[in-house]
Amino acid sequence: MQNPLSIPEISEAIELLQSYELSSASYPDTENFKCAIDILNDYLEDFPDTPHREFIKNKKLAHTRQMLSNLASVYKSGPAATQVAHIGLVVHTWKDGAGNFMEINPSWKNDFNKLMFKWSDGLAEVWTKPIAHMLVDHEYEL
């Protein structure tokens, strides 16, 4: 079986995820994270029978956990754009594991709730419907 890192799309996505992990979780880093998840999801969609499905799934889960573990520090000291971008990352990765991880680790759920409440007024018009659908679809409880 071919090394998954020899596949350009997978390699690029892993590099972007690692850049987020090694960074200060700034706004540009959140964009890299989102882009990496999109690349991996697109790859899985384009190659549904790939032998690298488990590798990709595990990478997405590991880096989603890392992102969730950053929520507390982002809430405490992150600039506004970074805080809002992390709300977007949680929404973006909800089906890839963020929702399940927050059920397992209530502190991550609490950190997400704090970010949501902090920015709820400013985000209400833009995010109300997408977040409401996500929360209802997954029976999220605040």
Side-chain angles (χ1 to χ4, degrees), residues 1-120 122-124 126-142:
M1 178 166 70
Q2 181 181 15
N3 178 349
L5 295 178
S6 68
I7 299 169
E9 296 94 331
I10 296 173
S11 179
E12 177 187 4
I14 300 302
E15 286 178 25
L16 291 170
L17 289 170
Q18 288 173 339
S19 74
Y20 172 86
E21 189 172 317
L22 299 172
S23 74
S24 60
S26 68
Y27 179 78
D29 300 318
T30 61
E31 289 298 306
N32 287 342
F33 188 99
K34 182 185 177 302
C35 182
I37 296 296
D38 288 343
I39 290 169
L40 293 174
N41 287 340
D42 289 346
Y43 184 83
L44 291 175
E45 187 176 308
D46 292 344
F47 302 98
D49 297 326
T50 180
H52 306 301
R53 181 169 292 283
E54 281 302 307
F55 175 83
I56 292 169
K57 179 182 172 186
N58 290 336
K59 285 295 182 184
K60 289 184 347 182
L61 288 172
H63 289 280
T64 297
R65 269 194 312 269
Q66 177 63 40
M67 179 270 296
L68 291 170
S69 72
N70 288 337
L71 292 178
S73 64
V74 167
Y75 174 76
K76 290 176 188 170
S77 60
T82 300
Q83 291 179 2
V84 172
H86 274 80
I87 292 170
L89 287 183
V90 172
V91 171
H92 194 68
T93 59
W94 193 263
K95 290 180 182 177
D96 290 319
N100 291 333
F101 286 137
M102 286 198 288
E103 290 302 317
I104 295 167
N105 188 333
S107 67
W108 291 342
K109 184 176 182 178
N110 185 47
D111 296 335
F112 178 64
N113 286 343
K114 286 193 270 185
L115 279 172
M116 289 287 292
F117 288 125
K118 181 175 184 175
W119 293 102
S120 61
L123 294 174
V126 176
W127 287 76
T128 299
K129 286 184 182 179
I131 289 176
H133 287 289
M134 175 200 69
L135 299 178
V136 168
D137 289 347
H138 299 283
E139 298 175 5
Y140 185 82
E141 295 179 20
L142 297 175

Quiz item: Measuring from N100:CG to W94:CH2, what's the distance to the nearest 0.5 Å?
Solution: 8.5 Å

Quiz item: Once the angle between the rings of F33 and Y20 is folded into 0 to 90°, is it parallel (under 30°), tilted (30 to 60°) or perpendicular (over 60°)?
Solution: perpendicular

Quiz item: Would D42 and E9 satisfy side chain to side chain contact (heavy atoms under 4.5 Å, CB included), going step by step from the backbone distance to the final call?
Solution: CA-CA 9 Å; D42 289 346; E9 296 94 331; over 6 Å; no

Quiz item: If you look at every heavy atom in Y27 and A85, which pair is closest and at what distance?
Solution: CD1-CB, 3.6 Å

Practice problem: Check the pair L71 / F112 against side chain to side chain contact (heavy atoms under 4.5 Å, CB included), numbers first and verdict last. | Solution: CA-CA 7 Å; L71 292 178; F112 178 64; 4.1 Å; yes

Quiz prompt | Side-chain donor/acceptor of Q83 to backbone N/O of V74, under 3.5 Å | solution = yes

Quiz item: Using a distance-only test with no angle check, is there a side-chain donor-acceptor pair under 3.5 angstrom linking S26 and D29?
Solution: yes

Would you give me the side-chain donor-acceptor pairs under 3.5 Å for residues 49-56, sequence neighbours excluded?
| unit_1 | atom_1 | unit_2 | atom_2 | d |
| --- | --- | --- | --- | --- |
| T50 | OG1 | H52 | N | 3.1 |
| H52 | NE2 | Q2 | O | 3.3 |
| R53 | NE | P48 | O | 3.4 |
| R53 | NH2 | L44 | O | 3.4 |
| R53 | NH2 | P48 | O | 2.8 |

Exercise. Please report the shortest heavy-atom distance between G97 and L61, naming the atom on each side.
Key: CA-CD2, 4.1 Å

Practice problem: To the nearest 0.5 angstrom, please state how far the CE atom of M67 sits from the CH2 atom of W108. | Solution: 9.5 Å

Exercise. Report the distance from atom CG of L5 to atom CD of E15, rounding to the nearest 0.5 Å.
Key: 9.0 Å

Self-check item: Candidate list K60, K59, R65, test salt bridge (Lys or Arg N to Asp or Glu O under 4.0 Å), partner D96, passing option
Solution: K60

Quiz item: Just by distance, do the side chain of S11 and the backbone of P8 share a donor-acceptor pair under 3.5 Å?
Solution: no

Quiz prompt | Minimum heavy-atom distance A36-L16, with the two atoms named | solution = CB-CB, 3.7 Å

Quiz item: Are M102 and V90 close enough that some pair of their side-chain heavy atoms sits under 4.5 Å apart?
Solution: yes

Quiz item: Rounded to the nearest 0.5 Å, how far apart are CG of N58 and NE2 of H63?
Solution: 10.5 Å

Quiz prompt | Candidates N32, I39, I37 - the one meeting side-chain contact (heavy atoms from CB on, under 4.5 Å) with C35 | solution = I39

Practice problem: Apply side chain to side chain contact (heavy atoms under 4.5 Å, CB included) to L17 and L40, showing your working. | Solution: CA-CA 11 Å; L17 289 170; L40 293 174; 4.0 Å; yes

